[in-house]
Amino acid sequence: MSKVDGAEVAKHDSKKSCWIVLDSSVYDVTSFLMKHPGGAAILLKQAGTDATREFAKYHPLSYVNDLPPGSLLGAIDANTLGNLRSPKEETLTPLKTSDTDKEIPHVTLCVTCPDFEAAAKAVLPRKSYIYASGSANTGLSIKANLDDWGRINFRPRVMRNVGDIDTRRSIFGHSSPYPFYISPMGTLGAIHPGAEPEMVRGAVRKGAHMVVSTASTRGAQEIMQSYVEEQKRLNNASPTRLFYQYYMPVDRKKAIQLMHLVKEAGYKGLWITVDAPVLGKRTADRYLQAEEALAVGIEEEQPSEWESGHENTFAPAMGGRVASGQLSPHTTWEDLAWIRKEWDGPIVLKGIQCAEDAKLAYDYGLDGILLSNHGGRQIHTAPSALMTLCEIRTYCPEIIGKMEIFVDGGLRDGSDVLKALCLGATAVGVGRPFLYALAAYGSQGVERCVDVLAEELSTGMSLLGVTSLDQLKPEMVNASRLLNEIWRPESLRSRL
Ligand SMILES: Cc1cc2nc3c(=O)[nH]c(=O)nc-3n(C[C@H](O)[C@H](O)[C@H](O)COP(=O)(O)O)c2cc1C
C-alpha cells in the first residue's frame, strides 16, 4: 500500500476535500460527509487529523472496511504523523469548565437512581449527556414513562412474616437474583472509555442479566469475550447471561450472518427492536447538530436518507454498515418465519405499544414481548409500558403467563418493579440509571446501581407483605388511574 505524508493529509481539511487517518490508514471521506448520520460536522472536525481515538469511542474499528469503495488512499507514513493537523478544539461549552473539577460524590453516596444521573451530568461531555438523556419531540413520551410508575399505588398487606425475602426471577430459564435487567443501550464508548465491556463486568459481578445493543461501540464478540473473562475470574459462578438486541439489517444475507455470529458467540436470546423503523426526532441532538454545523461553517445540514435506522448520531455510521441498514424499515410480521428458521433460541419483540400487537406477537408464537417506547426516544406521546400492560390486562389477559412479558421505560426505583410484576410482567428493563452509573463510576457504579435497585425491591416486598415474587397479584396494586384511561371502543374487544 502506498504511503501518504501527514502534511498532505493536513491539506484536506474542508468540505471540498476531507481526509482523515483511521487506524494508520488514510481515507478520503469527502463523498461521505453529507451521509454521516450524525452530520458532516462530526467528520469535518476531524479533517486532516488522526481520528482513530474519536472514531473508536463510537464504532468498532472494523467499520472502516465499510466505507465506500475507493475511500482508502494508503497508509499514513508513520514518520510524518507530526505533520497532521490537531483536531479542532471543542467549541461547545462542556457542562463543567475543566477536566479537573470533576468532583462527584463517593459512589456510596448514590442511594437512589437519580443520584447517578447527577454524578454523570457532572462528568460527561455535554454531547454524551445529551445523547443519554435525550428523548423525542417535546419530551412527552419520556415524561409519561417517568410519571406512570407513580400513578399506581400499592395495596400492602401487613403481619405476613416477611423476614426472609427471595427476589429471584428467571428469564427464559436463566435464573437471576433480580427481576430486572440492564436494557440495551448503544454507543457506550461515548459514556465511558471501557464501553460495553465495562458495563458487562459490573453486571457479571452482581449476577444481573444484560441485553447488548447492536449499536454497541464494541463488537458482539469482544463484548462476549469480556463476559467470559469476568466469569472466569469469578470461577463461572455468576448467573448473569447476555442477550442480544437486534436491529434488522435490510440485506437478508447480512441479517442472517449477524444472527449466526451472535448465536455462536453465546448470546441467549434475540430481542428484535420493532419500535424504530425510522429514527425518532431526537430534539436535543438536533440542536447540538445544528450548533456543531455552524461551528464548522455549515449553515444547514441536509438530513440524509441514511439517517433513519440509527440509534442517534453516535450509532454505527460508516459506509456499507449503514447502507446495509442497521434496522430495516421494511420488516413485517411475515419476516418472523425466516427469522425463526435462522435463530433457534428465544425471540422477544422489543417495542410493543398496544394490546393488538401484543396479541399478534402471541399468535405468531413469539417467546416474549417487551412493552417499551424506547425510553421515550421514538414516537411522540407514546403510551408508557405500564399503560400498555394495562391494555393487555383489559383486552387480551389470556396471553399473560403464556409468554414472557417485559416492560421498560422510566423505572427509577426498585420497588416499582413490583408494580409491573403484580400486573403480569416477567421482569423489567432498566436503561439510563445504569448508563449514568457507568459514566460516573465505571463498573463499580453499575454494581452500586444493582444494589440500590435490589435493596429497594427487597424492602418493597417486605412492606407489601410478600416474601417471593410468585406471590405478587394484580390486587396488590391500585392501577385504577391507568385502567380508567384505557381506550375502550366496542370494536377493539371483538377484534382481539
Ligand atoms: C442512550 C440510550 C441508547 C439506547 N440504545 C438503544 C439501542 O441501541 N437499541 C434499543 O433497542 N434500545 C435502545 N435504547 C432504549 C433502551 O433499550 C430502553 O428501552 C430504555 O432506555 C428504557 O428506558 P429508561 O432509560 O428510562 O430506563 C437506548 C436508550 C438510551 C437511553
Side-chain angles (χ1 to χ4, degrees), residues 37 58-59 113-114 116-117 120 124 127-136 139 141-149 180-192 195-196 199 209-218 220 223 243-248 269-277 279-280 282 284-285 309-317 326-327 331 348-353 369-379 382-386 388 406-414 416-417 420 425 427-439 449 453:
Y58 308 121
H59 321 282
C113 283
F116 293 108
E117 177 165 5
L124 279 176
K127 184 169 177 165
S128 298
Y129 179 70
I130 285 175
Y131 162 56
S133 59
S135 57
S141 295
I142 195 173
K143 187 172 181 307
N145 286 358
L146 292 163
D147 290 350
D148 277 359
W149 293 100
F180 56 83
Y181 65 88
I182 303 177
S183 293
M185 287 170 290
T187 324
L188 295 184
I191 300 301
H192 187 278
E196 292 80 13
M199 183 81 97
H209 292 334
M210 173 170 161
V211 183
V212 170
S213 164
T214 303
S216 289
T217 310
R218 306 285 173 81
I223 297 168
F243 303 87
Y244 193 77
Q245 175 271 319
Y246 184 61
Y247 278 134
M248 176 79 62
L270 199 64
W271 299 54
I272 305 174
T273 297
V274 293
D275 60 11
L279 189 77
R282 308 282 163 86
D285 240 15
H310 284 274
E311 180 50 35
N312 49 52
T313 56
F314 285 126
Q326 210 198 1
L327 156 73
T331 309
V348 174
L349 293 188
K350 176 180 189 291
I352 296 292
Q353 295 168 86
I369 47 176
L370 167 50
L371 316 181
S372 167
N373 59 31
H374 216 105
R377 293 158 85 81
Q378 285 297 106
I379 195 167
S384 68
L386 280 175
T388 306
F406 308 99
V407 307
D408 79 16
L411 186 122
R412 302 293 180 263
D413 189 300
D416 284 341
V417 180
V428 176
V430 180
R432 291 181 185 85
F434 281 110
L435 182 148
Y436 294 136
L438 176 77
C449 190
L453 290 169

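Computed from heavy atoms alone, side chains included, the values below leave out hydrogens, waters and symmetry copies. Both ligands and their constituent atoms are indexed starting at 1 by order of listing. Note that the structure is a prediction, hence the values are computed from the model and not measured.
When each atom of ligand 1 is checked for a heavy atom of Thr273 under 4.0 Å away, the hits are 10 (C), 11 (O). Near Ala132, meaning under 4.0 Å from one of its heavy atoms, ligand 1 places the atoms 1 (C), 31 (C). Less than 4.0 angstrom separates some heavy atom of Ser372 from each of these atoms of ligand 1: 19 (O).
Counting heavy atoms under 4.0 Å from ligand 1, residue Arg412 touches it through the side chain alone. The parts of Pro184 lying near ligand 1 are both backbone and side chain, judged by heavy-atom distances below 4.0 Å. Here Gln245 has side-chain heavy atoms under 4.0 Å from ligand 1, and that is the only part of it that gets that close.
At least one heavy atom of Tyr247 sits less than 4.0 Å from an atom of ligand 1. The shell of residues lying under 4.0 angstrom from ligand 1, judged by heavy atoms, includes Asp408. Leu435 counts as a contact of ligand 1, since one of its heavy atoms falls under 4.0 Å from the ligand.
Taking the six-membered ring where the residue is Trp, His209 and Phe243 present perpendicular rings, their angle passing 60° and hence far from 30°. Note on ring orientation: taking the six-membered ring where Trp is involved, the planes of Phe406 and Tyr181 are perpendicular (angle over 60°, cut-offs 30° and 60°).
Put simply, the side chain of Ser213 never gets that close to the backbone of Gln245: no donor and acceptor are under 3.5 Å apart. Looking at Ser141, its side chain does come within 3.5 Å of a backbone N or O of Ile379 through a donor-acceptor pair. Judged by distance alone, with hydrogens and angles left aside, the side-chain atoms of Arg377 form a donor-acceptor pair with the main-chain N or O of Gly134 at under 3.5 Å. In this structure, the side chain of Ser384 does not engage the main chain of Ala144 through any donor-acceptor pair within 3.5 Å. Remark: the backbone N or O of Asp275 is paired with a side-chain donor or acceptor of Gln378 at under 3.5 angstrom.
A side chain to side chain contact (heavy atoms under 4.5 Å, CB included) with Phe434 holds for exactly one of Ser183, Cys113, Cys449; it is Cys449.
Between Gly410 and ligand 1, a contact under 3.5 Å exists for at least one N or O pair. Backbone and side-chain nitrogen or oxygen atoms of Gly186 are examined, and one is located within less than 3.5 angstrom of a nitrogen or oxygen of ligand 1. At under 3.5 Å, not a single nitrogen or oxygen of Ser183, backbone or side chain, sits near a nitrogen or oxygen of ligand 1.
Compare Gly409, Ala215, Ser213, Ala385 by their heavy atoms: the one nearest to atom 23 (O) of ligand 1 is in Gly409. For atom 12 (N) of ligand 1, the candidate residues are Lys350, Gln378, Arg282, Met185; the nearest heavy-atom contact is made by Lys350.
Of the inter-residue distances, the one linking Ile130 atom CD1 with Leu124 atom CG reads 11.0 Å to the nearest 0.5 angstrom.
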